[in-house]
S.K.: 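Once you've had a glance at the structure underneath, I'll fire off some questions.
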Amino acid sequence: MEIEKRDGDILVPKLIDLAYSTDCCHVVAEALNDSQLGRFYADNGFIPITENVPDSVYELLDFEALGRKARNEEGGVFVDRDTYGCFGYVVRHTDLMEAYKDMDLAPKKPSYTVLLELTKGWFHDSAYDSEKAVQLWFPSSPAEMDHALNELGAATWSEVSFQCIDCRVPALMDAVSGANNVAEVNRFSQWLDNIPQEKLAGYKALLAATQCQDLQNAMMLMDALDSYIFTPSFSSPVDVARGELKVTMAESDAEILLPHVNLYTYGEALLQSQHAILTEYGVIERQDGQPILTRQSQEMEMKMK
């Protein structure tokens, strides 16, 4: 109904309100046009002036005009089956619920920093290995770790394999899975849990830029985070180009120039000249202007030596 009445797209807040307001509408499935709507309303007593009309005159009524008048007054619409999966005349009889304004849709921090799935078995022995899996939150207390071990039916942690299925920094999930043991994972999770929320996006950008894939280097990079400039508002080369133009010239001059500049290629050139790297979290670059050492570049340097 809202799509039929509006010119543009329906925004998420409105869409949520509509989802909670399905009881606010009447649907007349029998009415696919004004003529059918007018007859339905007349047959069911919704148009008082037609109630006492003789049968001989009733069939001569202009049901199309009656239906059009009712639709325009009510603000109803006809819905097409092929487009929306349902059909008929739809009219709203009460105001929409304002559900969105009371919703807290901000992402919630989970109760864990690292989530592992534990399984018993490295031995490929059907008599010993188990398909049972237990999830363990980290940081974890000794009592919680002992409980998980008992749930698996394992005597020691050497009998347990693990895999990271979630992490506060998703890029490090493989690194966590490759840790030597759960004690190392627990220490790392405690360290990771102490990173201030306001620095987390910049840290994730730095990890992505350096392609870091081991826990020790990941911890070292956090110590060096203040040596980098992080710009989360830049999500594409075009954003970089626009940002540069606003800094280097007056806003009015920039607006005149923008239509005549290939912003994408200009932004890419700026990233390259500034040794900056665009990540899914924003742009990051070293404060001293030097290139960021990535895992790939470090491997190439080692091969050259």
Side-chain angles (χ1 to χ4, degrees), residues 104-124 128-228 230 232 235 277-284 292-296 298-299:
D104 181 8
L105 300 179
K108 302 296 188 298
K109 181 181 176 182
S111 301
Y112 56 81
T113 300
V114 173
L115 179 61
L116 291 190
E117 182 177 77
L118 312 175
T119 53
K120 178 185 175 184
W122 285 99
F123 309 103
H124 305 292
Y128 182 82
D129 292 351
S130 171
E131 295 182 357
K132 184 176 182 180
V134 173
Q135 291 186 357
L136 183 58
W137 296 359
F138 289 87
S140 185
S141 68
E144 291 168 333
M145 295 176 69
D146 288 343
H147 178 74
L149 201 62
N150 291 333
E151 284 287 305
L152 286 173
T156 66
W157 284 104
S158 62
E159 301 174 5
V160 176
S161 59
F162 59 85
Q163 180 180 6
C164 180
I165 57 176
D166 198 12
C167 179
R168 192 182 183 198
V169 179
L172 293 177
M173 288 174 59
D174 288 343
V176 173
S177 295
N180 294 321
N181 49 59
V182 292
E184 181 181 355
V185 173
N186 204 19
R187 289 192 297 271
F188 173 73
S189 69
Q190 292 169 353
W191 172 85
L192 188 60
D193 194 45
N194 289 324
I195 295 179
Q197 185 66 31
E198 63 271 16
K199 290 190 174 184
L200 191 60
Y203 178 56
K204 290 179 178 180
L206 182 55
L207 289 173
T210 57
Q211 303 169 354
C212 178
Q213 293 187 351
D214 70 89
L215 300 185
Q216 184 175 357
N217 283 335
M219 296 171 73
M220 293 173 60
L221 283 173
M222 183 62 204
D223 294 334
L225 186 61
D226 291 339
S227 300
Y228 293 82
F230 174 55
S235 59
I277 295 179
L278 178 64
T279 75
E280 61 183 301
Y281 305 101
V283 170
I284 193 162
I292 296 176
L293 291 179
T294 65
R295 183 168 58 90
Q296 184 177 6
Q298 291 174 346
E299 290 175 353

S.K.: Can you confirm whether Lys204 sits close enough to Glu280 that some side-chain heavy atom of one is under 4.5 Å from a side-chain heavy atom of the other?
M.R.: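 No; the side chains remain at least 4.5 Å from each other.
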S.K.: I need the minimum non-hydrogen distance between Met222 and Trp191, along with the two atoms involved.
M.R.: CB-CZ2, 3.3 Å
S.K.: Answer yes or no: is there a side-chain heavy-atom contact under 4.5 Å between Leu207 and Val169?
M.R.: yes
S.K.: To the nearest 0.5 Å, tell me how far Phe230 CZ sits from Tyr281 OH.
M.R.: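 If I round to the nearest 0.5 Å, the distance is 9.5 Å.
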S.K.: Could you report the tightest heavy-atom contact between Pro196 and Arg168, atom names first, then the distance?
M.R.: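 Closest approach of Pro196 to Arg168: C-NH2, 4.3 Å.
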S.K.: Which pairs count as salt bridge (charged side-chain N to carboxylate O under 4.0 Å, His left out) when at least one residue sits in residues 182-194, sequence neighbours excluded?
M.R.: Lys109-Asp193
S.K.: To the nearest 0.5 Å, what is the distance between CD on Gln163 and CG on Asp174?
M.R.: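 CG of Asp174 is found 8.5 Å from CD of Gln163.
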S.K.: With rounding to the nearest 0.5 angstrom, report the CD1 to CD distance, Ile292 to Gln211.
M.R.: 10.5 Å
S.K.: Ignoring hydrogens, what is the shortest heavy-atom contact between Val185 and Phe162? Give both atom names and the distance.
M.R.: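 Closest approach of Val185 to Phe162, heavy atoms only: CG2-CE1, 4.1 Å.
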S.K.: Any side-chain heavy atom of Leu215 sitting closer than 4.5 Å to one from Val176?
M.R.: yes
S.K.: Tell me the closest heavy-atom pair linking Ser161 and Thr119, and the distance in Å.
M.R.: OG-OG1, 2.6 Å
S.K.: Would you say that Asn150 contacts His147 through its side chain, given a criterion of any heavy-atom pair below 4.5 Å between the two side chains?
M.R.: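 Heavy-atom side-chain distance check fails, nothing below 4.5 Å.
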S.K.: Just by distance, do the side chain of Asn194 and the backbone of Gln190 share a donor-acceptor pair under 3.5 Å?
M.R.: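 Pair found, side chain donor or acceptor close to backbone of Gln190.
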S.K.: So, for Tyr203 and Ala218, which heavy atoms are closest and what is the spacing to 0.1 Å?
M.R.: OH-O, 2.7 Å
S.K.: Is the CE atom of Met219 crowded by more than 12 outside heavy atoms at less than 6.0 Å?
M.R.: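 Enclosed: over 12 neighbouring heavy atoms sit under 6.0 Å from CE of Met219.
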S.K.: Would you give the length of the straight line joining atom CG of Leu172 to atom CG of Asp214, rounded to the nearest 0.5 angstrom?
M.R.: 9.0 Å
S.K.: Backbone N or O of Cys164 within a donor-acceptor pair of the Ser177 side chain at under 3.5 Å?
M.R.: yes
S.K.: Of all the heavy-atom pairs spanning Trp157 and Met145, show the shortest one and how long it is.
M.R.: CZ2-O, 3.2 Å
S.K.: Looking at side-chain heavy atoms only, is the closest gap between Leu192 and Cys167 below 4.5 Å?
M.R.: yes
S.K.: Using 30° and 60° as the class boundaries, would you call the ring planes of Tyr112 and Trp137 parallel, tilted or perpendicular?
M.R.: tilted
S.K.: Which is it for Asp226 and Lys199 under the side chain to side chain contact (heavy atoms under 4.5 Å, CB included) test, yes or no, and what are the steps along the way?
M.R.: CA-CA 10 Å; Asp226 291 339; Lys199 290 190 174 184; 3.8 Å; yes
S.K.: If you look only at pairs with a residue in residues 146-157, which of them pass as a salt bridge (charged side-chain N to carboxylate O under 4.0 Å, His left out), with sequence neighbours excluded?
M.R.: Lys132-Glu151
S.K.: Roughly how far, to the nearest 0.5 Å, is the CG atom of Leu293 from the SG atom of Cys212?
M.R.: 12.5 Å
S.K.: Roughly how far, to the nearest 0.5 Å, is the CG atom of Leu152 from the CG atom of Leu118?
M.R.: 5.5 Å
